[in-house]
There are 2 protein chains.
Amino acid sequence: MPEPRRVLPPRSEAELLARADALAGRTLGDVAVEHGLAVPANTRRGKGWTGTVIEHALGANAGSRPEPDFRLISVELKTIPVGPDRRPLESTYVCTVPLAGDAAPDWRDSNVRRKLARVLWMPFEGDRAITLPERRIGAPLLWSPSPGEELALASDWETLMDRVMLGRVEEISAREGECLQIRPKAANAASRRLAVGASGAREPTLPRGFYLRASFTAAILERYYA
Amino acid sequence: MPEPRRVLPPRSEAELLARADALAGRTLGDVAVEHGLAVPANTRRGKGWTGTVIEHALGANAGSRPEPDFRLISVELKTIPVGPDRRPLESTYVCTVPLAGDAAPDWRDSNVRRKLARVLWMPFEGDRAITLPERRIGAPLLWSPSPGEELALASDWETLMDRVMLGRVEEISAREGECLQIRPKAANAASRRLAVGASGAREPTLPRGFYLRASFTAAILERYYA
DNA sequence: CGGGATCCAAGTGTGGATCCAC
DNA sequence: GTGGATCCACACTTGGATCCCG
């Protein structure tokens, strides 16, 4: 196993895209070995592995919290599993839902908007018949929401967050939201985090996250490849 | 190495004291081995080791946060290193200082008071010439503050917390406080936690803890042995 | 199919305290 | 001697996401 190679943060979008282009066509296993990262036995163990591998390869400032993966150039990295038709196989996690009421009351100050302002999408083969290390990386796509996309996101966010801030988070189903949904984001169903309750007081509830529906990310990729 | 023995929580002060008495005279190494705990190379590495060993041996519900070590009977455990004269060699950490302004404004609701309401003191040989595993455990002492002790603690607490809540924590020195002092409690001097600042806004500062001066705990032990 | 449940790694915070230069 | 600095273990949180049953 070679030394884990340290990759410096990219200083421009052009530099980032050049690196990302150079990954296209390579396998995850190949890239992982180059960076000294062990390969998990299967996908069940190692759900976040692909994201970690690409982060290392592109020089993301990993581990920081509300900041973008590429802090210097304010770009967020998202790996996305796609099928042979290049359509996403999964929804995409965005960030946690602020449940405690200290949330921004406005879309323009929201973490969702900040995270999605500029995203480098890295598609990769998500077919479960292919083992993790054999999966190939696809062509990258640097994206910002179109005016229409941002309107749709803002609309979903406002509808959902209104209910959260009124203490109605327990009543929110993943069926709601045209492009943005709220779903559990936890180690297991027993996890608890304080949230605004129906009475207005804080009470424990299951932690949740914002996710982009696969239909939404499919449209993003399609627009690009068209 | 034997299996780490699981000790059930004591159900009464009498049961706790009986167990503590049974430890008196034994060495830390002896007790540690009995509970499957590894012995650190030296005291620099392993500062909290003595406390952990005694917790295991007495059946403390370790790891919980604002609760006493022995939750069922509301007793806190404190190990305390003493010299040949049985006087404490170190101050005693009590709890973290609430810096963010969400603190109790009153002594009676304070964590310091709750922690010290009922304490099992376990003295042990703290002489640095004796290796950790060779150090012997002393006679236990179950203590609650006398009216005079509580007055002194409350007075120090109120003086110190007034300044914290006014955003003056940076100005507090460990020289202040007759029996209770405020000192850094952090991994290193670069650690930061939000506190009420001089302007009233939250700003990062070094995390701090409440400590009992050695002169105060010396008086407690002395009162008992007299 | 997809909504609700879950999995891992790494960083951070807390509880246990003692170290050591001045 | 002691005020300010530091050390370890482990629980918890966060960021990375995919699993899988009805």
Side-chain angles (χ1 to χ4, degrees), chain A residues 37-38 40-55 60 62-67 69 76-81 89-96 115 126 128 132 172-176 181-193 206-209 211 213-215, chain B residues 37-38 40-55 60 62-67 69 76-81 89-96 115 126 128 132 172-176 181-193 206-209 211 213-215:
Chain A
L37 300 169
N42 55 61
T43 54
R44 187 161 186 280
R45 315 173 59 76
K47 292 184 180 180
W49 184 73
T50 303
T52 306
V53 171
I54 307 291
E55 279 177 357
S64 54
R65 274 183 305 124
E67 297 180 20
D69 294 304
E76 176 73 17
L77 171 66
K78 286 295 174 193
T79 56
I80 186 164
L89 298 174
E90 291 284 355
S91 58
T92 300
Y93 169 71
V94 181
C95 59
T96 59
K115 277 269 191 187
R128 314 235 304 242
L132 268 184
I172 298 177
S173 153
R175 290 174 188 80
E176 301 177 41
Q181 61 180 176
I182 285 183
R183 296 221 309 282
K185 173 72 167 87
N188 56 61
S191 297
R192 287 295 177 268
R193 212 59 39 91
L206 188 61
R208 288 140 215 263
Y211 295 80
R213 288 189 183 280
S215 58
Chain B
L37 299 169
N42 55 62
T43 53
R44 189 161 185 279
R45 315 172 59 76
K47 293 185 178 179
W49 183 73
T50 302
T52 305
V53 171
I54 307 292
E55 280 177 358
S64 54
R65 274 185 304 123
E67 297 180 19
D69 294 305
E76 176 73 18
L77 171 66
K78 286 294 173 194
T79 56
I80 186 165
L89 299 175
E90 290 285 352
S91 58
T92 300
Y93 170 70
V94 182
C95 59
T96 61
K115 278 269 189 183
R128 315 243 291 251
L132 267 184
I172 298 177
S173 152
R175 288 174 188 82
E176 301 175 41
Q181 61 180 174
I182 286 183
R183 297 221 309 281
K185 173 72 167 89
N188 56 60
S191 297
R192 286 295 177 266
R193 212 62 35 96
L206 188 61
R208 287 141 215 265
Y211 294 80
R213 289 189 183 279
S215 57

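Here is the naming used below: chain letters follow the sequence lines, and residue numbers restart at 1 for every chain.
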Mind checking if [X] touches a base, just sugar-phosphate, or nothing, with heavy atoms under 4.0 Å?
{"X": "B:T52", "value": "nothing"}
{"X": "B:P81", "value": "sugar-phosphate"}
{"X": "A:R45", "value": "sugar-phosphate"}
{"X": "A:G48", "value": "base"}
{"X": "A:E76", "value": "sugar-phosphate"}
{"X": "A:S173", "value": "sugar-phosphate"}
{"X": "A:A214", "value": "nothing"}

Any [X] side-chain N or O less than 4.0 Å from OP1/OP2 of [N]:
{"X": "B:R193", "N": "C:dT14", "value": "yes"}
{"X": "A:K115", "N": "D:dG15", "value": "no"}
{"X": "B:R175", "N": "D:dG4", "value": "yes"}
{"X": "A:K185", "N": "D:dT18", "value": "no"}
{"X": "A:T43", "N": "D:dC19", "value": "yes"}
{"X": "B:T79", "N": "C:dA17", "value": "yes"}

Kindly compute the distance separating [atom1] ([X]) from [atom2] ([Y]), expressed to the nearest 0.5 Å.
{"X": "A:R128", "Y": "A:T43", "atom1": "CZ", "atom2": "OG1", "value": "6.0 Å"}
{"X": "A:Y211", "Y": "A:I182", "atom1": "OH", "atom2": "CD1", "value": "11.0 Å"}
{"X": "B:K115", "Y": "B:E67", "atom1": "NZ", "atom2": "CD", "value": "10.0 Å"}

Rounded distance in Å - CZ (A:R213) to P (C:dG2):
8 Å

How many Å lie between CZ on A:R183 and P on C:dC1, as a whole number?
16 Å

Using the 3.5 Å cut-off, write out each protein N or O paired with an N or O of nucleotides 20-22 of chain C and the distance between them.
residue: C:dC20; atom: OP1; partner: B:R44; partner atom: NE; Å: 2.7

Overall bend of the helix from C:dC1-D:dG22 to C:dC22-D:dG1 (five pairs an end, 10° steps) is 0°

Residue whose nearest DNA chain D nucleotide is more 5′ - B:L206 or B:L89
B:L89

Is a donor-acceptor contact shorter than 3.5 angstrom present between the side chain of B:K47 and the base of D:dT6?
yes

Whether the side chain of B:R208 and the base of D:dT6 hold a donor-acceptor pair under 3.5 Å is what I'd like checked.
no

Got a sec, which residues hit side-chain hydrogen bond (donor to acceptor under 3.5 Å, both in side chains) with A:R193, two or more places apart in sequence or on another chain?
none

